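A quick write-up on the structure given underneath.
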Amino acid sequence: GRETTQVGNSIADEFFYGGQVKRDGQVAFLPRRGGVLAQRAQTACPDLEFVPIDGMDERATARAMKASDYFLATSVGEWFDAMFLM
């Protein structure tokens, strides 16, 4: 075997925000996790444009997220993002 290097969680460069114009009221979300919550949010906020991130390659996902005013985290009990808030 070869010696391995632990890299932890990493984020591709295309996900870093570089000042691109945001679309007012656009919300990116992952529809396969917490879909019921996303549907409720869409019903409660009909003036917002919800963009599902599904079936996209990494670059298309990055473009959708960078263009969105908001990212709706709908997955209940998956607290991966909590470590980035500290």
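If you're wondering where the values come from, they're calculated on a predicted model, not measured in any experiment. Numbers here simply count residues along the sequence, with the first being 1.
In this structure, CZ on R63 lies 6.5 Å from CG on D57, to the nearest 0.5 angstrom. One finds the OG1 atom of T74 at 11.5 Å from the CZ atom of R40 (value rounded to the nearest 0.5 Å). M65 CE to M56 CE: the interatomic distance, rounded to the nearest 0.5 Å, is 10.5 Å. To the nearest 0.5 Å, the span separating CG on L30 from CG on L72 amounts to 9.0 Å.
Atom CZ of F71 has more than 12 heavy atoms from other residues, nucleotides or ligands within 6.0 Å.
A28 approaches A64 most closely through the heavy-atom pair CB-O, 4.4 Å.
Judged by distance alone, the side chain of K22 and the main-chain N or O of S68 form a donor-acceptor pair under 3.5 Å.
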| field | Test log, rule side chain to side chain contact (heavy atoms under 4.5 Å, CB included), inputs E49 and V27 | value | CA-CA 6 Å; E49 177 187 356; V27 181; over 6 Å; no

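Cluster annotation: F50 is connected to Y70 through the hydrophobic network of ILVMFWY side chains, with a link wherever side-chain heavy atoms come within less than 4.5 Å.
Looking at Q42 and F29, their side chains come closer than 4.5 Å, going by heavy atoms from C-beta outward. In this structure, the side chains of R32 and D54 come closer than 4.5 Å at one or more pairs of heavy atoms.
Ion pairing between a basic and an acidic side chain is recognised when a charged N comes within 4.0 Å of a carboxylate O; D69 and R23 show no such pairing.
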